[in-house]
Novice: 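Before I ask anything, here is the structure I am working with.
Counting convention: from 1, in listed order, for ligands and their atoms alike.
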Amino acid sequence: MTDSRTAPHLIVIGNGMAATRLLEECLALAGSLAPTPWRITVISAESEPGYNRVLLSPVLGGEQSEASVVTHDAEWYRSRGIALICGDAVVAIDRRRRVVRTASGREETYQRLVLATGSQPRRLDCDGADLSGITTFRDLYDTRQLIEASRSARAAVVIGGGFLGIEAAEGLRRRGVSVTLIHSGRSLLNRQLDPEAGALLQKDLEKRGLNIVLQARTAAFLGNGRGQVRAVKLEDGSQITADLVVQAIGIVPDIRLARSAGLACRQGVLTDDTLQTYDPAIYAVGECVEHRHRTFGLVAPLYEQARVCAAHLMELGHRRYIYRDSPTRLKVSGVSVFAAGEQQGDTSLVWRDPVAGHYRRLWLDGNRLTGAVLYGETSGGAWYEKQLGKDISRWRNQLLFADRLPASAAEEGLA
Ligand SMILES: Cc1cc2nc3c(=O)[nH]c(=O)nc-3n(C[C@H](O)[C@H](O)[C@H](O)COP(=O)(O)OP(=O)(O)OC[C@H]3O[C@@H](n4cnc5c(N)ncnc54)[C@H](O)[C@@H]3O)c2cc1C
């Protein structure tokens, strides 16, 4: 960003999607500032430069190459004067001296620090949890391990019927592994979809060859006597054979470093609306953050945090973070799912085409649209998302297909 060795030092810990977006935002703002205020160093525990974590699912499924998901290679940092240290986790922050120390013993002094340490995958703590063959799906390292394991695995169990679990299960299936997806809920994606859409999804995934077991809770992992997993035992006593197990049961904000540095944390690192922590020299962005009692698991809010935080780091101070709900999409090719808003209100409107496998449900509170689930044909999703919270009384009779009305008429009625 600036060549000057005398410029104050900004250190970013973590080089995930929130961190790289923060750098982009800082660079964009710096374009209009002269001289640029910071010398920047990014310190990452992972050995690879920046990549798009969201696209690890198509990489696992063999639909995209590893190279295609790299977003910020080493040259990107070099050419912008940003120092990048990879494969060397920060192990301590001395807030009094304003120094960070890495695992290799390197020490760096900062004037401003940004925590962008993301999340850790949640892991089950039951008998057999330390057997080999039990893994998670979070980063490029996990993805490589899973691809390697899929070459010899005969049967895999994926635990968790949320987005990540379904994408992991489908990716392994595409690689020729026999996969059972187990889920504790009554239907797949039960946080995003109503039971009817969840059942349609289940049917489509089963047609492809996935075995799906609902209302299944893991009691223990059973070994083969040589330290390798051989089965997952469920609470009802049944066993599912598996020499590979993927746990996709949620994430936990990675606050280990923040907590050990004495920063105020609850589930995540506490920040105010400017993404500043309780230490004015330290900011936090991404999944490690807790903002107004909320933690995060999708990229859209992290990008907005990065935009706000950059404005404060660049000493412009003209933005504040406000949470906005973001829709979620499943990245399984050939399966289209859209969900936005809340599945609550005083009524819901439903349309289904069982032959085509298409389904729509819209929730209304009075004449306000509160939520939408589309299955099979989801091109109208973005349009419904825009109408959330708006008065649709004039268009109520056509609402189930209002996304297909000529844009001007629909916008006029729903604006
Ligand atoms: C397979 C997969 C698919 C996904 N699909 C979607 C999707 O379709 N849509 C969506 O919105 N979201 C999706 N997500 C979630 C999305 O990827 C995350 O919300 C986002 O990547 C989080 O960004 P982050 O920068 O906060 O954390 P991360 O990307 O996890 O980055 C944190 C980085 O900090 C590093 N770190 C941690 N501690 C230290 C330390 N002490 N020193 C140095 N470095 C450290 C970590 O190693 C990591 O590289 C998906 C996630 C996965 C795993």
Side-chain angles (χ1 to χ4, degrees), residues 11-23 41-61 64 69 71-72 84-93 100-104 106 108 113-122 135-143 146 158 160 162-172 189 192 246-248 250-261 268-269 275 284-291 295-306 309 325-332 337-339:
I11 297 183
V12 181
I13 304 178
N15 188 41
M17 297 184 74
T20 48
R21 179 55 73 105
L22 177 75
L23 297 174
T41 300
V42 180
I43 307 179
S44 170
E46 288 191 68
S47 32
E48 297 77 16
Y51 62 90
N52 186 337
R53 200 174 296 283
V54 168
L55 296 178
L56 291 179
S57 302
V59 172
L60 177 61
Q64 269 190 248
V69 305
T71 52
H72 299 75
L84 175 66
I85 299 164
C86 283
D88 194 11
V90 174
V91 292
I93 304 168
V100 299
R101 184 162 45 81
T102 68
S104 71
R106 181 182 187 128
E108 295 277 348
L113 185 66
V114 180
L115 294 166
T117 51
S119 292
Q120 290 280 306
R122 196 181 287 281
T135 181
T136 54
F137 181 32
R138 176 71 197 174
D139 54 23
L140 208 40
Y141 176 82
D142 290 341
T143 311
L146 282 168
V158 175
F163 282 94
L164 193 65
I166 294 171
E167 290 176 13
E170 177 61 7
L172 288 170
L189 289 183
Q192 290 82 16
V246 185
Q247 303 186 70
I251 51 173
V252 187
D254 191 341
I255 56 171
R256 293 170 297 178
L257 190 60
R259 186 157 267 160
S260 68
V269 186
L275 283 313
V285 288
E287 285 184 351
C288 62
V289 162
E290 179 172 338
H291 172 261
T295 55
F296 305 87
L298 293 172
V299 288
L302 316 186
Y303 284 175
E304 178 58 15
Q305 289 174 7
C309 185
D325 206 12
S326 42
T328 35
R329 288 181 192 277
L330 183 68
K331 300 186 298 300
V332 169
V337 176
F338 175 89

Novice: At a non-hydrogen distance cut-off of under 4.0 Å, which region of Ala18 contacts ligand 1 (side chain, backbone, both, or neither)?
Specialist: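 Both the backbone and the side chain of Ala18 come within reach of ligand 1.
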Novice: Between Thr71 and Gly50, is there a donor-acceptor pair closer than 3.5 Å when you use the side chain of the first and the backbone of the second?
Specialist: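 Indeed, once roles are kept as given, a pair shorter than 3.5 Å links the two residues.
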Novice: Counting non-hydrogen protein atoms only, what is the nearest one to atom 31 (O) of ligand 1? Give residue, atom name and distance.
Specialist: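 So the nearest neighbour among protein heavy atoms is Gly16 CA, 3.3 Å.
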Novice: Counting non-hydrogen protein atoms only, what is the nearest one to atom 39 (C) of ligand 1? Give residue, atom name and distance.
Specialist: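 Going by distance alone, atom 39 (C) of ligand 1 is nearest to Thr117 CG2, 3.8 Å.
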Novice: As a test of understanding, state which of Val158, Val337, Leu189 forms a side-chain contact (heavy atoms from CB on, under 4.5 Å) with Ile166.
Specialist: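 The option that passes is Leu189.
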Novice: Within the structure provided, determine whether Asn15 and Thr20 are in side-chain contact (heavy-atom separation under 4.5 Å).
Specialist: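 Result yes, sub-4.5 Å side-chain heavy-atom pair found.
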Novice: Looking at NZ of Lys331 and CG of Leu55, how far apart are the two atoms once the value is rounded to the nearest 0.5 Å?
Specialist: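 Taking NZ in Lys331 and CG in Leu55, the distance rounds to 7.0 Å.
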Novice: Using heavy-atom distances only, which candidate in Glu46, Arg138, Lys331 approaches atom 53 (C) of ligand 1 most closely?
Specialist: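 Heavy atom nearest to atom 53 (C) of ligand 1 belongs to Arg138.
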Novice: Could you tell me the separation between the OG1 atom of Thr135 and the OH atom of Tyr141, rounded to the nearest 0.5 Å?
Specialist: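 Rounded to the nearest 0.5 Å, the OG1-OH separation comes out at 8.0 Å.
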Novice: Under 4.5 Å between any side-chain heavy atoms of Ile13 and Ile93, yes or no?
Specialist: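 Yes; the side chains approach each other to less than 4.5 Å.
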Novice: Please write down residue, atom name and distance for the protein heavy atom closest to atom 10 (C) of ligand 1.
Specialist: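 Its nearest protein heavy-atom neighbour is Leu298 CD2, 3.4 Å.
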Novice: Near Ser44, which atoms of ligand 1 are under 4.0 Å from a heavy atom of that residue?
Specialist: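 Those qualifying, in numeric order: 43 (C), 44 (N).
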Novice: Tell me which protein heavy atom sits closest to atom 22 (C) of ligand 1, plus the residue, atom name and distance to 0.1 Å.
Specialist: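 Answer, as residue, atom name and distance: Leu302 CD1, 3.3 Å.
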Novice: Check ligand 1 against Ser57 and write out every atom of the ligand that is under 4.0 Å from a heavy-atom position of the residue.
Specialist: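 Near Ser57, the atoms of ligand 1 are 1 (C), 3 (C).
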Novice: Within the 4.0 Å heavy-atom shell around Gly14, which atoms of ligand 1 are there?
Specialist: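 Atoms satisfying the 4.0 Å criterion: 34 (O), 35 (C), 44 (N).
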Novice: In the protein, what heavy atom is nearest to atom 27 (O) of ligand 1, and what distance, to one decimal place, separates them?
Specialist: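 The answer is Gly118 CA, 3.2 Å.
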Novice: I'd like to check whether Ala45 has a polar contact with ligand 1, where a contact means an N/O of the residue lying under 3.5 Å from an N/O of the ligand.
Specialist: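 Between Ala45 and ligand 1, an N or O pair is found under 3.5 Å apart.
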Novice: Of the side chain and backbone of Ile43, name the one, both, or neither that has a heavy atom under 4.0 Å from an atom of ligand 1.
Specialist: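 It is the backbone that gets close, since no side chain atom is under 4.0 Å.
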Novice: What atoms in ligand 1 come closer than 4.0 Å to a heavy atom of Ile13?
Specialist: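 Checking each atom against Ile13, I get 40 (C), 42 (N), 43 (C).
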Novice: Among all residues two or more places apart in sequence or in another chain, which pass the side-chain hydrogen bond (donor to acceptor under 3.5 Å, both in side chains) test with Arg106?
Specialist: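 Result, side-chain hydrogen bond (donor to acceptor under 3.5 Å, both in side chains) vs Arg106: Glu108.
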Novice: To the nearest 0.5 Å, what is the distance between CZ (Arg329) and CD (Gln192)?
Specialist: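 Output value for this atom pair is 13.5 Å.
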Novice: Check whether any side-chain N or O of Gln64 sits under 3.5 Å from a backbone N or O of Pro58 as a donor-acceptor pair, and report yes or no.
Specialist: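 No; judged by distance alone, with no hydrogens or angles, the pair does not exist.
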Novice: For Ala89, take its heavy atoms, then give the atoms of ligand 1 lying under 4.0 Å from any of them.
Specialist: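 Close to Ala89: 42 (N), 43 (C).
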Novice: Can you name the atoms of ligand 1, numbered from 1 with element, that are less than 4.0 Å from a heavy atom of Leu257?
Specialist: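 The list of qualifying atoms is 41 (N).
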Novice: Is the closest N or O pair between Val285 and ligand 1 shorter than 3.5 Å?
Specialist: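 No, no N or O pair falls under 3.5 Å.
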Novice: Taking side chain as C-beta onward, heavy atoms only, is Phe296 less than 4.5 Å from Ser119?
Specialist: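 The answer is no, as the side chains (C-beta and beyond) never meet within the 4.5 Å cut-off.
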Novice: For a 4.5 angstrom cut-off between non-hydrogen side-chain atoms, does Arg138 reach Ile251?
Specialist: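 Side chain of Arg138 against side chain of Ile251, heavy atoms only: contact under 4.5 Å found.
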Novice: Does Thr102 reach the side chain of Ile85, with side-chain heavy atoms less than 4.5 Å apart?
Specialist: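 Thr102 does not reach Ile85 side chain to side chain.
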Novice: Taking only residues at least two apart or on different chains, which pairs with a member in residues 50-61 satisfy salt bridge (Lys or Arg N to Asp or Glu O under 4.0 Å)?
Specialist: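 Those involving residues 50-61 are Glu46-Arg53.
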Novice: Could you tell me the residue and atom name of the protein heavy atom closest to atom 15 (C) of ligand 1, and the distance to it rounded to 0.1 Å?
Specialist: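 Answer for atom 15 (C) of ligand 1: Gly297 O, 3.5 Å.
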Novice: Can you pull out the closest protein heavy atom to atom 50 (C) of ligand 1? Residue, atom name and distance to 0.1 Å, please.
Specialist: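 Scanning the protein heavy atoms, the shortest distance from atom 50 (C) of ligand 1 goes to Val54 CA, 4.2 Å.
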Novice: Ignoring hydrogens and angles, tell me if any N or O in the side chain of Thr117 forms a donor-acceptor pair with the backbone of Asp254 under 3.5 Å.
Specialist: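 Yes, because the side chain of Thr117 sits within donor-acceptor range (under 3.5 Å) of the backbone of Asp254.
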Novice: Could you check which of Met17, Arg53, Glu48, Glu287 puts a non-hydrogen atom nearest to atom 18 (C) of ligand 1?
Specialist: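 It is Glu287 that holds the nearest heavy atom.
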Novice: Answer side chain, backbone, both or neither: which part of Phe137 comes under 4.0 Å from ligand 1, heavy atoms only.
Specialist: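 It is both parts that get close, each with some atom under 4.0 Å.
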Novice: Counting heavy atoms only, name the option from Leu164, Val42, Leu330 that's nearest to atom 52 (C) of ligand 1.
Specialist: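 The option holding the nearest heavy atom is Leu164.
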Novice: Quick one: pull up CD in Glu304 and CG in Leu275 and give me the separation to the nearest 0.5 Å.
Specialist: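 Rounded to the nearest 0.5 Å, the CD-CG separation comes to 9.0 Å.
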Novice: What protein heavy atom is closest to atom 41 (N) of ligand 1, reported as residue, atom name and distance in Å?
Specialist: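 The closest heavy atom on the protein side is Val90 O, 3.0 Å.
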Novice: So, regarding Val299 and ligand 1 (criterion: nitrogen or oxygen to nitrogen or oxygen, under 3.5 Å), is there a contact or not?
Specialist: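 In this structure, Val299 places an N or O atom under 3.5 Å from an N or O of ligand 1.
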Novice: Is the contact between Ala116 and ligand 1 made by the side chain, the backbone, both, or neither, using heavy atoms and a 4.0 Å cut-off?
Specialist: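 Near ligand 1, Ala116 shows its backbone, while the atoms from C-beta on stay back.
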Novice: Got an N/O contact under 3.5 Å between Gly286 and ligand 1?
Specialist: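 Between Gly286 and ligand 1, no N or O pair is found under 3.5 Å apart.
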